[in-house]
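Following: one structure in structure tokens, then a few remarks.
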2 protein chains.
Amino acid sequence: MDAPEDARPNPTIYDVAKAAGVAPSTVSRAFSRPGRVNSETAERIRRIANEIGYRTNPLARGLPNGRTALLAVIVADVTNPFFFEIIRGAEKTASEAGYTLLVVDAQESVDAEREALERTLPLVEGLILATSRMSDSSIRVAAKQRPTVVMNRVMTDVPSVLTDNARGMRSAVEHLAGLGHTSLTYVAGPEASWADGMRWRAFREATSELELKARRIGPYPPTLAGGLSAAQALAKHSTTAVVAYNDLLAIGAIRGLKRLGRSVPADVSVIGFDNIFGSDFCTPPLTTVAAPLRHLGAFAVQNLLAQLRSSTPAGSSGPTLLPAKLVERGSTAPRRATKKRRATATDGNPVRQPA
Amino acid sequence: MDAPEDARPNPTIYDVAKAAGVAPSTVSRAFSRPGRVNSETAERIRRIANEIGYRTNPLARGLPNGRTALLAVIVADVTNPFFFEIIRGAEKTASEAGYTLLVVDAQESVDAEREALERTLPLVEGLILATSRMSDSSIRVAAKQRPTVVMNRVMTDVPSVLTDNARGMRSAVEHLAGLGHTSLTYVAGPEASWADGMRWRAFREATSELELKARRIGPYPPTLAGGLSAAQALAKHSTTAVVAYNDLLAIGAIRGLKRLGRSVPADVSVIGFDNIFGSDFCTPPLTTVAAPLRHLGAFAVQNLLAQLRSSTPAGSSGPTLLPAKLVERGSTAPRRATKKRRATATDGNPVRQPA
DNA sequence: ATGAAAGCGCTAACAA
DNA sequence: TTGTTAGCGCTTTCAT
């Protein structure tokens, strides 16, 4: 053979069989999932296997039936802190059930996402699409092949989990109204985002019910940079209260506003969405609609596992709403008594930071 | 609906072969990596395959030869922003090379890490251990099985990439010394952390060369909570300058210090390590030793790919140091003229926030 | 409960 | 170039 000893392949089921003096299939059974065979032989086989360092090969195991013990979550952007806790929740639930969770980054690009999907789909038993940017039909195609759960997006025929945006937005708007604000601005996230649509709609409904003026600017990328741009538009109008599509946008907007000489929350109150890492130690600490991040992840995996067990044709369960919760921190304050302030841009020295 | 026809298995190489009137192996060749076969037949086969929706099954493909086009990075804690950019860098490089990167969370636990390793190792062609908590020997065992790159840790016989901690620490200490601080405290991270050892050592060397007093407290978990605890210890002594094991710890310490009535940077200057997401918008913005996060990830993957191509026995390349860079922001300031301040704990009302 | 045999979908020699 | 023939390591009928 070629490689003399570097290629000492892992022991296989056959090696174990030989060492134990049984048939390969017996070894296989000693390691198979259900009933967890418990005869003396099985016990002995496992001991021997352990001694000679046998590890079952997941690739080979998966070939005959598709049982790979792998689950995947495709996130729009690993770099976005929104996903951290989701991943953690999913990971934990998955590993407790004996599954490995693969985290795949779509790099905020539809093409990359589709490619990632194609690459991972055949490997895994189930799939979580966290904030997918793909079309409904693309998702449906994937869901036909493997149990799928969609996150932060409603689909009629694919199980989905999402934050209760409507009620979350509602409480945000009420909070602002309670502080005396009468004219609210929504800073929109990416157009392709389903959640953005939901939030904007809920925003309009809530403001109209409470008879507040509603405005919308955007779309902006859901990033700090996006928020910085938004701040410019915000500064041009006399906005006193804004709700941003998400925390990143909100934090970016706050920073931008500050640079432009506006004070938060004195001049303008800002509310974010999601309660991501960092939202509590930015300045001022961000008032935000907290998404049940960890639960979202855990729930998605549980749903997947349930589908796997029952081999349910997926479509059965409708969207599941997990409650959001307004976290009041320092970025919101009562509206100033002053009516028209013209001096805004000049009071205090605009903080100049290098970009 | 039940699924009478749900079990329409994906078309296989045989289906394509039949449709194209060729042998299966010919189909296989039409899809194989190297020469990217270009005969007319190959072209035709690919067209037909595409029509009937054939997708090559990575599981089956991997079985004979282990070529799964999968790479894995095992991170100590997906929840830690330190890894975001590393993952992004790795992901990008990997996907450009046609590989899929699996991100696996070790949940900051050695056991979980070992398990994750065992699960993923057989699946992938190469492995990146980002800030592993496992023993050198465990890592060596893994590296025997698959090309491996270790991050943020030096190993003689396994390729590794890491930030140039020594020079980074050096610049941090010099910065502090330049501001007039004479007594520095190092807030230590987890004991098992190799990087922590490095940083502490570099800290001692730099301080002694510059004839500064050096103290060390800890270990603390490298989290915000850890920093909060550290603040208590910090407040007990009259420290004016601290370098923390990482940004999370630093940010936590700053928050804790504030709650205890100390002002940063007026009373105490704080420097972190890594320049993670959030370190620029916390209050005050954190002065920190920026790690070349994205490069670390990209480099690790490149190294892996190189190993795969050349089937180098890994051990050849020594550790690679990527330069760190001190980012001066708002958490450091000149040492106060005042010599002994006894009033510290009582001036101003200690901000009391619910934990 | 165990053994024998037939694949899972693909790749990799070897011939032709 | 293309077809033929064995497997990769495991699971799964089907007998025993």
Side-chain angles (χ1 to χ4, degrees), chain A residues 1-3 7-46 48-49 52-70 119 121-125 145, chain B residues 7-46 48-49 52-70 118-119 121-125 145:
Chain A
M1 285 302 193
D2 358 316
R8 175 181 357 195
N10 287 342
T12 75
I13 214 176
Y14 299 105
D15 301 319
V16 179
K18 198 173 300 169
V22 297
S25 62
T26 309
V27 177
S28 172
R29 272 189 285 266
F31 284 96
S32 56
R33 313 281 275 94
R36 235 185 173 292
V37 191
N38 246 333
S39 63
E40 305 163 26
T41 8
E43 199 50 61
R44 190 168 51 89
I45 288 174
R46 280 190 287 254
I48 294 179
I52 63 180
Y54 165 79
R55 329 251 56 183
T56 137
N57 175 336
L59 239 57
R61 153 113 74 178
L63 230 207
N65 45 47
R67 228 161 280 149
T68 56
L70 254 32
R119 278 193 195 155
L121 198 57
L123 285 170
V124 303
E125 294 184 47
Q145 316 229 14
Chain B
R8 172 181 2 196
N10 286 343
T12 75
I13 213 174
Y14 299 106
D15 300 319
V16 179
K18 198 173 301 169
V22 297
S25 63
T26 310
V27 177
S28 172
R29 271 189 286 264
F31 285 96
S32 55
R33 310 289 276 96
R36 245 210 159 272
V37 192
N38 246 332
S39 63
E40 305 163 26
T41 8
E43 200 49 62
R44 191 169 52 90
I45 288 174
R46 281 191 286 254
I48 295 179
I52 63 181
Y54 164 80
R55 328 251 58 185
T56 135
N57 176 337
L59 240 57
R61 152 114 73 179
L63 229 208
N65 51 31
R67 223 162 283 150
T68 56
L70 253 33
E118 296 218 328
R119 280 191 196 158
L121 198 56
L123 247 34
V124 303
E125 293 183 48
Q145 316 229 12

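Quick note on labels: first sequence line is chain A, next is B, and so on, each numbered from 1.
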Could you go over nucleotides 3-6 of chain C and give all protein N or O partners under 3.5 Å, atom names and distances?
unit_1	atom_1	unit_2	atom_2	d
dG3(C)	OP2	Ala23(A)	N	2.9
dG3(C)	OP2	Thr26(A)	OG1	2.5
dG3(C)	N7	Ser25(A)	OG	3.4
dG3(C)	N7	Arg29(A)	NH2	2.8
dG3(C)	O6	Arg29(A)	NH1	3.3
dA4(C)	N6	Ser25(A)	OG	3.2

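- Across the protein-nucleic acid pair, Arg55(B) atom CZ and dG9(C) atom P stand 16 Å apart, rounded to whole Å.
- When side chains are defined from C-beta on, Leu121(A) does not count as touching Arg55(B), because their heavy atoms never get closer than 4.5 Å.
- Between the CG atom of Leu123(B) and the P atom of dC10(D) there is a distance of 14 Å, given to the nearest Å.
- Distance Ile13(A) CD1 to dT12(D) P: 11 Å, rounded to the nearest Å.
- With rounding to whole Å, Ile45(A) atom CD1 is found 14 Å from dC10(D) atom C1'.
- Using a 4.5 Å cut-off on side-chain heavy atoms (C-beta onward), Asn10(B) and Gln145(A) make contact.
- Distance CG (Leu63(A)) to C1' (dG7(C)): 10 Å, rounded to an integer number of Å.
- Atom pair Glu43(B):CD and dT2(D):C1' shows a separation of 17 Å (rounding to whole Å applied).
- If you take CD of Glu125(B) and P of dT11(C), they are 13 Å apart, rounded to a whole angstrom.
- Taking atom CG of Leu59(B) as the reference point, atom P of dG7(C) lies 20 Å away to the nearest angstrom.
- Taking only side-chain nitrogens and oxygens, Arg61(A) never comes nearer than 4.0 Å to OP1 or OP2 of dG9(D).
- Across dC8(D), dT2(D), dA12(C), the shortest atom-to-atom separation from the side chain of Arg67(B) is found for dA12(C).
- Taking only side-chain nitrogens and oxygens, Ser28(A) never comes nearer than 4.0 Å to OP1 or OP2 of dC10(D).
- Between the CD atom of Glu125(B) and the CZ atom of Arg67(B) there is a distance of 7.0 Å, given to the nearest 0.5 Å.
- Of the side-chain N and O atoms in Asn65(B), one or more sit less than 4.0 angstrom from OP1 or OP2 of dA12(C).
- A 4.5 Å side-chain heavy-atom check between Val16(B) and Ile13(B) finds every atom pair outside the cut-off.
- Applying the side-chain contact (heavy atoms from CB on, under 4.5 Å) rule to Leu123(B) yields the partners Pro58(A), Leu59(A), Leu70(A); only residues at least two apart in sequence or on another chain are considered.
- Checked against side-chain hydrogen bond (donor to acceptor under 3.5 Å, both in side chains), Thr26(B) has no partners two or more places apart in sequence or in another chain.
- Residue Thr41(B) places its side chain closer to dT2(D) than to any other of dG9(D), dT2(D), dT11(C).
- One distance of note links CD1 of Ile48(A) with OG1 of Thr41(A); it measures 10.5 Å at 0.5 Å rounding.
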